[in-house]
Structures are given as C-alpha cells and as structure tokens.
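Note that the structure is a prediction, hence the values are computed from the model and not measured. Proteins get letters first, then strands, A, B, ... in listed order; numbering begins at 1 in each. Hydrogens, waters and symmetry mates play no part in the numbers below; they use all other heavy atoms, side chains included.
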2 protein chains.
Amino acid sequence: MPARNGRDRTARRERAMNYNQIFDQAIDRLHSEGRYRVFIDIMRNKGTFPNARCFAGHNGPKPITVWCSNDYLSMGQHPKVIAAMEEALHDVGAGSGGTRNIGGNTHFHVQLERELADLHGKDGALLFTSGYVSNDATLSTLAKLLPGCVIFSDELNHASMIAGIRNSGCEKRVFRHNDLEHLEELLAAEAPETPKLIAFESVYSMDADIAPIHAICDLAEKYNALTYIDEVHAVGMYGKRGGGISERDEAAHRIDIIEGTLGKAFGVMGGYIAADTRVIDCIRSYAPGFIFTTSLSPVLVAGVLAAVRHLKESNEEREAQQRNAALLKAKFAAAGLPVMPSQTHIVPLMVGDPVRAKKISDILLAEYGAYVQPINFPTVPRGTERLRFTPGPTHTEAMMDDLTTALVEIWDRLELELARAA
Amino acid sequence: MPARNGRDRTARRERAMNYNQIFDQAIDRLHSEGRYRVFIDIMRNKGTFPNARCFAGHNGPKPITVWCSNDYLSMGQHPKVIAAMEEALHDVGAGSGGTRNIGGNTHFHVQLERELADLHGKDGALLFTSGYVSNDATLSTLAKLLPGCVIFSDELNHASMIAGIRNSGCEKRVFRHNDLEHLEELLAAEAPETPKLIAFESVYSMDADIAPIHAICDLAEKYNALTYIDEVHAVGMYGKRGGGISERDEAAHRIDIIEGTLGKAFGVMGGYIAADTRVIDCIRSYAPGFIFTTSLSPVLVAGVLAAVRHLKESNEEREAQQRNAALLKAKFAAAGLPVMPSQTHIVPLMVGDPVRAKKISDILLAEYGAYVQPINFPTVPRGTERLRFTPGPTHTEAMMDDLTTALVEIWDRLELELARAA
C-alpha cells in the first residue's frame with residue numbers, strides 16, 4: 001500500500017513539526033522572560049561544608065563556597081549520620097526493594113516513624129519519599145476523605161501544598177499571607193457543618209517570616225477546622241528538640257497534622273507527617289502517592305534516624321546557625337545591601353528582576369567562587385526575584401566578609417542602588 | 001469571657017467527634033473488606049539476599065526468605081553498587097542539600113542522566129525522586145503543555161500514571177488492556193488536529209504480560225499521537241543492555257518518552273524519563289513535582305550509576321532471573337497451583353479473595369518463613385486478589401522446592417482446589 005505509506009510519512013513529518021513546535025515555544029517563553037534555568041553542576045566536599053567543587057564551564061572542578069544549601073545545619077556531613085548510613089549500607093543493602101506494603105517496610109522505617117511521632121508529641125508518623133509527596137499525598141487524600149471539605153490556604157503556601165489541594169478536587173479559599181482577619185472572614189462565610197482544613201507553613205522559606213500559629217489555632221477551634229502545618233523549613237532548627245516552630249511556640253498539641261522534611265535540617269532526603277494514629281492510618285491506607293511507590297532506601301532512613309536523635313539532644317548546631325544568620329544579616333545591612341526583613345535563619349536579598357538576579361549570581365560564581373542561586377518565578381512572584389542566602393553553622397565570619405565585599409563590588413559594577421548608612 | 005470559652009470547649013468536643021468519626025469509618029471499611037494492610041517489619045541481609053530478618057510478632061528477629069521483592073536482580077547488594085555508594089557517602093555526604101535548581105544538582109546527577117539517555121538511545125534524560133513522581137509529574141505537565149490534548153490510557157496502567165493523567169486535567173480515553181482495536185477506535189474518534197498521547201506500560205507487573213509496542217507505535221504514527229511507555233518492570237531486565245522491552249523489541253526509537261525506575265532492577269531508589277532534549281527541557285522547566293523537591297541523594301545516584309553501568313555489560317543476572325522464573329512457574333504448575341499465565345519474570349498465583357490471600361500469606365510467613373505479600377484492591381481489581389512471587393537470580397532451587405511444598409500444604413489445609421496433573 002504505497003499510498004498509505006506515503007500518507008504515514010507525511011503524517012509523521014507534520015506530527016514531528018507540530019509537537020516539537022509547541023515544546024520549542026514553551027522553552028522560548030522561558031528564555032524571553034530571562035528565567036530559563038541552568039543547573040549548576042557541583043559536588044560538596046564532605047567534612048568541609050560549605051566548600052564544594054563546581055564543574056560547569058571550567059576545565060576540571062573549581063572550588064566554591066555554597067551559600068544556598070538547604071542542608072541548613074550541615075547534618076549531611078555529620079559523623080553520626082555518615083556512620084549510620086554506612087552501617088545500614090553494609091548490613092541491609094542499597095534500596096528497600098519494594099513499597100511499604102510489599103517488602104519495603106524495614107525496621108528502620110518503623111523506628112524512624114516512632115522517633116518522628118515522639119519529636120512532635122503525636123501518636124503516629126508516616127514517611128514519604130519527599131516533602132513534596134508528603135504534602136501532595138496527604139492534603140489530596142485528607143480532603144477526599146472529608147465529604148464537601150473546604151481548604152483554607154495561605155497565599156504563599158509551597159507548590160507541593162498547592163498541588164495537593166488542587167489534586168484533592170475540593171473547594172479552596174486562599175487567605176492573604178498570615179492575615180488572620182482575612183482567614184476568619186473566609187472561615188465565617190462557610191456553613192458550620194462544612195468540614196474545614198486550614199493549611200499553612202510555619203517558616204515561609206522565600207520571605208523568611210513566621211506564621212502566628214496560636215492565633216490560627218484559635219480560629220480553627222472557633223470554626224471547627226482541622227489544622228495542617230508545613231514545618232519543612234523549621235524542623236531540626238527550632239524548638240528545644242528540633243520539633244519546629246510548633247514546638248518553640250508550644251503549639252504542637254493544637255495542630256492536627258505536622259508535616260516535615262528529612263532533606264533540609266536533617267540533611268538526607270524524604271518527608272513525613274506526624275498526627276493522630278487514625279489520621280496516619282487513613283493516609284497510609286488511602287493515599288496513592290504513599291501506597292504505590294518504593295519506600296525510602298533504608299540507608300537514607302538510617303541516616304535520618306541518627307540526625308533526628310542527635311538534634312533532639314544537641315542545641316549547638318541550632319545556636320550556631322542563628323548566630324551566623326544574624327551576623328550575615330547585620331553585615332549585609334551595614335553594607336547597604338537590600339536585605340529583606342527576616343525573622344528566621346534565611347537571608348534574602350531583594351533584586352526585583354530575573355535577568356539581574358541571574359547576572360549577580362553568575363558573577364558571584366565565576367569571579368568570586370560564591371554559589372547562590374537566583375530565585376525566579378514560579379518560586380517567587382514576578383518582580384520579586386531575589387538571592388536567598390542560607391548561612392549555616394559551618395560558614396565562617398571570613399566567608400561572610402568575602403561575600404559581602406563581593407556583593408558590594410557587583411552592586412557597584414551593575415550600578416544598583418546601595419542604601420547608604422542611615 | 002467564660003461564655004465564649006464554654007462554647008469553644010463544646011465546639012472542640014463536637015469537632016473531635018466529627019472528624020474522628022469520619023476517619024474511623026474510613027478505616028472500618030478496610031477491615032470489613034478484609035483489606036486492612038499490615039506492613040511486615042523486615043530487614044534484608046546484604047550479601048545473602050533473598051534472606052532477611054522479620055521483626056513482627058516475634059521475640060527478636062526471625063530469619064525469612066523474601067519472595068516479593070522488586071529488587072529483581074539483587075543489585076541492592078551488588079559489590080559495585082555498595083562500593084559506589086560508600087565512596088559517594090564519604091566524598092560528598094548524605095544528601096544533596098537542595099532542589100536540582102538550587103544547590104542540589106550534583107555531578108552524579110548529570111552523569112546518571114547521560115547514562116540513562118544512552119541506555120535508551122535518547123538525547124536526554126531526567127531524574128525524579130521516584131518512578132511514581134516521574135509518571136505523575138511528566139504526564140500531568142506534558143498534557144498541560146499541549147492545548148486540548150487527549151490521553152489514551154491502557155486500563156491496567158499503574159496508579160502513578162492514572163494520577164498524572166487525572167492531575168493534567170485533560171480528556172482521557174481508557175482502552176481495554178492491550179486491545180489494539182479498541183485503541184484504534186478511540187484514536188479514530190478524535191479530530192486529526194487534536195494533540196494525542198498514548199500512555200501504556202511494557203510489562204504489566206500484576207498480570208505479568210507485555211504490551212505490543214510496535215503495533216501501538218503503528219497506531220501512534222497513523223493517528224499522529226505521542227507515545228509514553230512505563231518500563232519500570234522491564235528496565236535492567238530486558239534488552240541486551242537492560243534498556244527494557246523497547247530495547248528487546250527494537251522499538252525504543254519509535255517511543256517519544258520512556259519512563260523507568262531506579263528502585264527495582266537497578267536496586268536503589270528514584271525514577272526517570274528518557275526523551276528528546278526539548279521534551280526533557282520542558283518537563284525540567286514546567287513540572288512542579290520536579291522543580292520543587294530536594295533532588296535524589298548523591299549516595300543513591302552514585303549507586304544507580306554503578307548498577308546501570310554494570311547491567312549494560314552483564315547478562316548474567318538477567319539470564320539467571322529468567323531461568324529461575326521459568327523454574328518456579330514449572331514447579332507451581334506441576335504441583336497444580338493456580339499459577340497465572342506469565343510472559344515475564346513475575347509469577348502470580350490467583351487466589352480471588354482478599355481474606356484468603358492474606359491468610360495464605362500469614363501462614364507462609366509464620367510457619368514456613370516465606371514472605372510473600374497478598375496483593376489486594378486497589379492494587380488489583382476486587383475478586384482477583386493474588387500472591388505475586390518475584391524469583392530472582394539469588395533464589396535457589398531448594399528454596400523453590402520448599403516454597404512449593406509449603407503452598408501445597410496450605411492449599412490442602414484451607415481446602416482450596418489444586419489442578420491435578422492433566
């Protein structure tokens with residue numbers, strides 16, 4: 001059938017054009033907005049964080065200092081974590097080999113869930129492969145289990161919470177960031193018998209501010225709503241045992257579901273929720289994103305167990321982080337750099353333009369060996385592009401001085417405005 | 001304001017009742033259907049897979065043989081994998097410390113993506129934290145980028161593909177399992193200019209059958225559709241270099257997007273897609289499930305690199321797996337056990353009832369030290385509950401004989417029917 005073959009070939013050609021054109025246009029949009037992302041190719045040097053090697057555009061690795069890691073407390077190189085992972089690797093092997101239900105439930109998983117439940121003063125906890133998945137799977141499943149549920153969501157909630165809420169298919173009301181009056185207005189507008197869930201974060205990572213947890217819980221009690229808090233930028237770092245802002249503010253018992261990550265302050269990878277056993281049992285049993293996925297490698301889980309246990313006992317890392325964050329903020333402010341107000345360990349510098357943010361970042365890396373990623377849309381709203389520094393316990397004052405000097409030089413070179421001493 | 005406090009207390013009490021009741025009912029439904037899941041608490045013994053220790057309901061760990069691991073080739077204990085992970089652990093530390101865009105793009109990630117692209121003969125590849133996330137993120141994003149896209153989905157597609165398709169918000173047409181006529185009927189019913197995507201698996205893990213890849217690609221060309229194949233139960237195990245069924249059938253060049261896992265035959269954890277660079281660039285840039293999550297730990301990535309490289313060169317593990325799968329099928333059949341037809345390395349035994357499937361599994365574990373998980377709804381349709389065995393290169397013939405004897409004894413004890421020799 002030569003005619004049909006001829007048609008097929010034409011169809012293939014047209015097809016190739018059609019789909020490829022659409023994909024090319026999608027990529028062109030990113031370039032034209034100056035927000036096409038280039039992943040910087042690095043390897044951190046265990047034992048000497050924040051030092052790393054950078055591979056991109058050089059002949060061989062070049063040494064750099066990392067200023068944008070979310071391994072906030074350098075637990076990724078802690079001897080206890082490394083030793084625990086090495087032991088697990090040799091004892092039980094590389095992966096879990098299955099889902100939690102089918103062969104992939106190791107004794108490490110069971111122990112870590114107990115440890116995390118205890119950390120937050122809850123009956124139970126549940127591990128996920130990431131913080132993203134824990135938010136997506138829990139929020140989408142929870143809302144599906146509650147018929148007619150309405151979710152009240154802070155406008156700056158993380159993309160993973162937004163995904164979970166959207167994927168739940170339920171009604172959503174977005175309240176202005178940390179705005180209690182607006183939240184109450186929205187809560188009051190719903191019928192008393194409607195199931196309600198308030199979803200918010202404790203530490204907002206890009207704005208570096210903190211939610212008024214008790215006041216939100218007051219509203220939740222008044223309007224009979226469940227509460228869901230994302231503590232990924234707080235667990236390990238706040239509270240006497242690293243239980244997060246809800247521990248620091250003695251509010252954990254008022255929150256129904258606390259969500260956290262194992263990939264930031266705990267230095268490894270994965271996510272979790274802590275809650276009442278019946279909530280855990282529901283999510284464990286009904287969430288596809290939990291059920292149908294290979295469980296965390298026991299090597300990772302063993303490392304996290306060591307990190308969580310260590311940070312329950314030790315305040316040294318938390319104190320050094322807070323000290324260094326305060327120092328860097330002070331140095332930036334003294335130099336007139338546009339440091340944003342921060343109640344936390346995160347130090348954002350406002351730039352306000354994607355091309356300029358990338359340019360500053362590129363110069364810092366190429367000429368000063370300082371690595372900080374520009375933060376562009378969709379991570380932050382357009383027009384609020386920024387650089388986001390996360391000094392940890394292992395950054396030295398000399399590193400901070402070098403960084404501040406470099407930034408001032410770049411600010412001058414690009415003819416950006418510095419606030420002169422008031 | 002005592003009156004208000006009184007109201008609040010009442011509200012709290014009512015609230016506790018309402019939500020808890022709903023959660024309790026959700027759990028009760030599982031119990032009443034006999035599909036409440038109990039996770040078996042185990043640790044595999046590196047160096048002696050499929051041997052493991054079982055913790056549940058015993059005083060101290062008890063030795064067991066694992067028959068349901070998806071670490072199909074025992075790569076989770078391969079010396080090259082263990083050595084690579086140990087080296088990475090000591091060289092760069094426990095976690096990546098960030099998203100791929102913000103500090104979490106290590107040189108290991110870059111290398112592994114090149115290796116996986118090469119494995120499938122594609123220009124590019126992209127890593128995800130799991131196979132589940134790779135399906136969910138890619139399918140939902142792809143369909144959103146193609147305006148008016150219709151997805152054609154095999155009725156037995158995995159939950160993660162179903163999630164991705166649902167989360168894309170686009171139109172879906174479900175075709176009967178591996179039914180080319182039905183697929184063509186559905187394709188023909190759409191307008192020629194409508195963007196189309198056919199999503200299917202190569203090896204269906206629960207039914208152990210294989211898709212007619214070339215015939216599906218013929219239809220895709222005829223109707224100008226993109227093709228997306230899930231090869232999670234095939235990569236590493238089929239094809240001369242472990243490129244999956246699409247390599248074995250010399251069809252990889254006809255597939256637009258090949259999706260695979262790093263947590264089954266490659267023995268570690270994580271997922272990926274391989275495709276044309278422009279598709280990779282789009283997913284990398286637009287998929288929230290890729291963008292907003294901490295990247296895979298470099299320790300895992302280093303282990304997978306070693307596993308992929310090894311399985312590109314070595315056929316020994318693949319051959320031993322196929323040999324042992326054929327042997328176990330033959331032993332089950334000779335004993336009259338209801339082994340389902342299988343074109344693959346997976347050996348399912350049909351039971352057809354959730355309570356009975358769990359009972360057989362419980363007896364096997366408690367009395368015979370053989371661990372195989374019952375497979376119940378929602379993993380398989382109700383009424384088709386089964387036991388699913390995955391013999392690998394490290395299972396011995398003696399283990400298979402013990403297992404077959406045990407199953408026959410249990411079948412007799414429970415008065416289940418055995419097919420007597422034909």
Measure the [atom1]-[atom2] distance between [X] and [Y] for me, rounded to the nearest 0.5 Å.
X: A/Ile22; Y: B/Cys149; atom1: CD1; atom2: SG; result: 9.0 Å
X: A/Phe108; Y: B/Ile42; atom1: CZ; atom2: CD1; result: 12.0 Å
X: A/Arg278; Y: B/Gln21; atom1: CZ; atom2: CD; result: 10.0 Å
X: A/His31; Y: B/Ser285; atom1: NE2; atom2: OG; result: 8.0 Å

Given the options [options], which has more heavy-atom pairs under 4.5 Å with chain B than any of the others?
options: A/Leu146, A/Thr48, A/Asp71; value: A/Leu146
options: A/Val38, A/Val304, A/Ile82, A/Asp136; value: A/Ile82
options: A/Glu86, A/Gln77, A/Lys46, A/His107; value: A/His107
options: A/Gly76, A/Gly95, A/Gly97, A/Ser295; value: A/Gly97
options: A/Thr99, A/Val268, A/Val66; value: A/Val268
options: A/Asn70, A/Thr106, A/Asn101, A/Thr261; value: A/Asn101

* According to the interplanar angle, ranging from 0 to 90°, do the rings of B/His158 and A/Phe292 count as parallel (below 30°), tilted (30 to 60°) or perpendicular (above 60°)? ->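 Answer is perpendicular, since the angle exceeds 60°.
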Below 4.5 Å from any heavy atom of chain B, which atoms of [X] appear? Answer side chain, backbone, both or neither.
X: A/Phe290; result: side chain
X: A/Ile162; result: neither
X: A/Tyr371; result: side chain
X: A/Ala26; result: both
X: A/Ser96; result: backbone
X: A/Leu142; result: side chain
X: A/Pro195; result: both
X: A/Pro192; result: neither

Please flag which part of [X] lies under 4.5 Å from any non-hydrogen atom of chain A: side chain, backbone, both or neither.
X: B/Leu300; result: side chain
X: B/Thr294; result: side chain
X: B/Tyr286; result: side chain
X: B/Phe49; result: side chain
X: B/Ile102; result: both
X: B/Met85; result: both
X: B/Ser160; result: neither
X: B/Val110; result: side chain

* To do: Determine whether B/Ile291 and A/Arg37 make a side-chain contact, defined as any pair of heavy atoms from C-beta on separated by less than 4.5 Å.
  =>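 Contact flag for B/Ile291/A/Arg37 side chains = yes.
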* Side-chain contact test, heavy atoms from C-beta onward, threshold under 4.5 Å: evaluate it for A/Met269 versus B/Met269 and give yes or no. => yes
Identify which of [options] forms the greatest number of heavy-atom pairs closer than 4.5 Å to chain A.
options: B/Cys282, B/Ser297, B/Gly263, B/Ala307; answer: B/Cys282
options: B/Leu145, B/Thr129, B/Asp91; answer: B/Asp91
options: B/Val92, B/Thr293, B/Val232, B/Val81; answer: B/Val92
options: B/Pro298, B/Pro288, B/Pro374, B/Ala52; answer: B/Pro288
options: B/Glu193, B/Arg388, B/Met75, B/His90; answer: B/His90
options: B/Ile375, B/Ile40, B/Leu262, B/Val279; answer: B/Ile40

* **Axial cation check for B/Tyr36 ring with A/Arg284, 6.0 Å and 45° limits** =>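 Output yes; distance and angle both within limits.
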* Smallest separation among heavy atoms of B/Asn224 and A/Tyr19, with atom names ->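 Closest approach of B/Asn224 to A/Tyr19: O-OH, 2.9 Å.
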